[in-house]
Amino acid sequence: MFASFSARSVRGRGSARLAAGTLASGLVTTAVLAGAGTAAAAGDETAPGHSGAAATIGGLKTYGDAVIRGAAGDQQVSAGLFEMSVEGGGMLHTYCVDIQTPTQKDAKYHETAWAGTSLGTNKDAGRIRWILRNSYPQVNDLAALAKKAGVRGQLTEQDAAAGTQVAIWRYSDAVDVDAVDPQAEQIADYLQKNARGEAEPKASLTLDPPAVSGRPGELLGPVTVHTDARSVTVSPPADATTTGVRIVDKDGEPVTTATDGSRLFFEIPEDAAADTVKLTAQASTTVPVGRAFVSDSRSQTQILAGSSESTVSATASATWALEGAIPALSARENCAKGGVDVTVANQDDEPFVFELADTEYTVAGGKSRTVTVPVSEDLPYDFTVEGPGGFEQRFTGKLDCVTRAAEIGTTTHTLSGPSPTPLAVTPTESNLAETGTSSATPWITGTAIGLVVVGGAGLVVARRRNTPSEG
């Protein structure tokens, strides 16, 4: 009937851990299929889209020292606040929620829901948000923070940042970790003891659904804007002047700006050949505290502690064809099931037939169906959905939903690339790789060393330290 489905899930660390159900529920990727019938295939479109802010991590800016207690010995790490520069303008401050995974220098990050990270199934994720909202830098009156926490002695920004990070790690990674400085340790204890559950913050900007479909001559949609920004700029497809596609409201009036709740439609000319186009929404806003940020490289997951006015964006696609079924497809990572959920919404009267994982599925007109494709944790996946008339879409990404701390002692860790390089800390340059990895200063004299301990112990250097005094 049509070309067979191809799924190329890259080798991974194994189905045993996936079957164990230790993965978090995740919403990370969104992708769109090309038009059905005579529409051109979209096999070249390999990268999934992301909504919200995109940023590059720039450094560990305000930090102190902490010690992880473990059977292999005490592991010293830097603990504190990272800085990120936002694409299009803006700055973010973040803490990490994966203590044993290094931070790659200049790694690219994008905003995502908690479900796209280890926070998705962490019952204490709401407590982490409380910590963020009740400590540095959201609370920048250090004297007031010190008084609340019963800190004895002067509280510095470095102490506040280190203490906040330590408290977060106790909930995000369930590790035995202490701040070295007594004032920082008192902040960590206060935050851990008083933390209460809070709701996950809403995304800075999303378009729902991310894909629609229909016939030429129709209004395809609606696509609803969800944002905390005051105003959103709506840009039509790049080739709108040649295709004649317009972005309009329900009455057919052109739309160039929108607000939260606005409903957008693609107006497709009656004589338009089968195709797929995208609109882009962009705004300037402060990203809500507690939003998660993930990287497609092996760089530790971050959680937002503060934001300047920053650029955020989102895209949505429309597909149309002259005949045959015209499905709208999207995908999200579902870490609880250890795979990628592919959702097919058939917005036409005719049934749509497709193959996925060597199985044929049919979606009746006006219905939708979700199929989960198993993929491996921590390694790239790559598969293609194929349908009639040359219909196909390739999905790529990486499932990264388990903290390294949760893996240690239970699963042998295999790196898909070279170990990250720790950087020597100087008064003017912070060590990105050191947060979440061991501090091996005596062993590093101009040469960076990455040590992977067999058995999943991670980058650990045995180093005994006395428990910090509480003053």
Side-chain angles (χ1 to χ4, degrees), residues 1-10 26-51 207-215 220-221 223 237-239 243 245 266 268 272-280 296 314-334 339-348 350-363 365 367-375 380-399:
M1 181 175 59
F2 50 84
S4 62
F5 165 83
S6 62
R8 300 182 294 278
S9 293
V10 184
L27 169 61
V28 176
T29 64
T30 302
V32 182
L33 293 187
T38 58
D44 292 335
E45 184 179 342
T46 61
H50 304 291
S51 297
L207 298 177
D208 180 42
V212 295
S213 63
R215 300 288 182 204
L220 309 189
V223 173
D239 57 352
T243 62
V245 175
F266 293 82
I268 312 300
D275 203 352
T276 297
V277 298
K278 288 185 178 181
L279 70 81
T280 300
D296 290 334
T315 61
S317 298
T319 296
W320 65 92
L322 301 177
E323 58 184 17
I326 320 151
L329 283 91
S330 60
R332 68 172 188 174
E333 292 175 358
N334 185 337
V340 179
D341 287 342
V342 177
T343 299
V344 181
N346 186 3
Q347 301 177 7
D348 192 63
E350 295 185 31
F352 175 68
V353 181
F354 66 98
E355 285 188 8
L356 189 55
D358 297 323
T359 302
E360 183 176 287
Y361 299 91
T362 300
V363 183
K367 302 294 183 180
S368 65
R369 185 168 189 171
T370 299
V371 178
T372 302
V373 180
V375 298
Y381 59 79
D382 185 342
F383 62 87
T384 302
V385 178
E386 298 177 351
F391 185 102
E392 64 177 28
Q393 175 65 37
R394 182 181 177 189
F395 290 88
T396 64
K398 181 169 68 69
L399 200 69

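Formation of a donor-acceptor pair under 3.5 Å by the Arg394 side chain with backbone atoms of Phe383 is not found in this model. Ser213 places a side-chain N or O within donor-acceptor distance of the main-chain N or O of Ile326, the cut-off being under 3.5 Å.
Summarising the geometry, atom OG1 belonging to Thr384 is positioned 13.0 Å from atom CD belonging to Glu355; distances are rounded to the nearest 0.5 Å. For the atom pair OG1 (Thr362) and CZ (Arg369), the distance works out to 7.5 Å, reported to the nearest 0.5 Å. The line from CZ of Arg215 to CD of Glu323 is 8.0 Å long, rounded to the nearest 0.5 Å.
The shortest side-chain heavy-atom distance between Pro327 and Phe354 does not fall under the 4.5 Å cut-off. Between Leu207 and Leu279, the closest side-chain pair of non-hydrogen atoms falls below 4.5 Å. Between Thr319 and Phe391, the closest side-chain pair of non-hydrogen atoms is not below 4.5 Å. Counting heavy atoms from C-beta on, the side chains of Trp320 and Phe266 never come closer than 4.5 Å.
The shortest heavy-atom contact between Leu220 and Ala318 is CD1-CB, 4.1 Å. Nearest heavy-atom pair across Val245 and Pro237 is CG1-CG, 4.2 Å. When all heavy atoms of Val223 and Ala316 are compared, the pair lying nearest together is CG1-CB, 3.9 Å. When every heavy atom of Lys278 is checked against every heavy atom of Ser317, the shortest pair comes out as CG-OG, 3.0 Å. Across every non-hydrogen atom of Leu322 and Ala272, the tightest pair is CD2-O, 3.9 Å. Scanning both residues, Ala345 and Ser368, for their nearest heavy atoms gives CA-CB, 3.8 Å.
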- Item | Criterion side-chain contact (heavy atoms from CB on, under 4.5 Å) on Val371 and Thr359, from CA distance to verdict | CA-CA 10 Å; Val371 178; Thr359 302; over 6 Å; no

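Of the N and O atoms on the side chains of Thr343 and Thr370, at least one donor lies less than 3.5 Å from an acceptor on the other residue.
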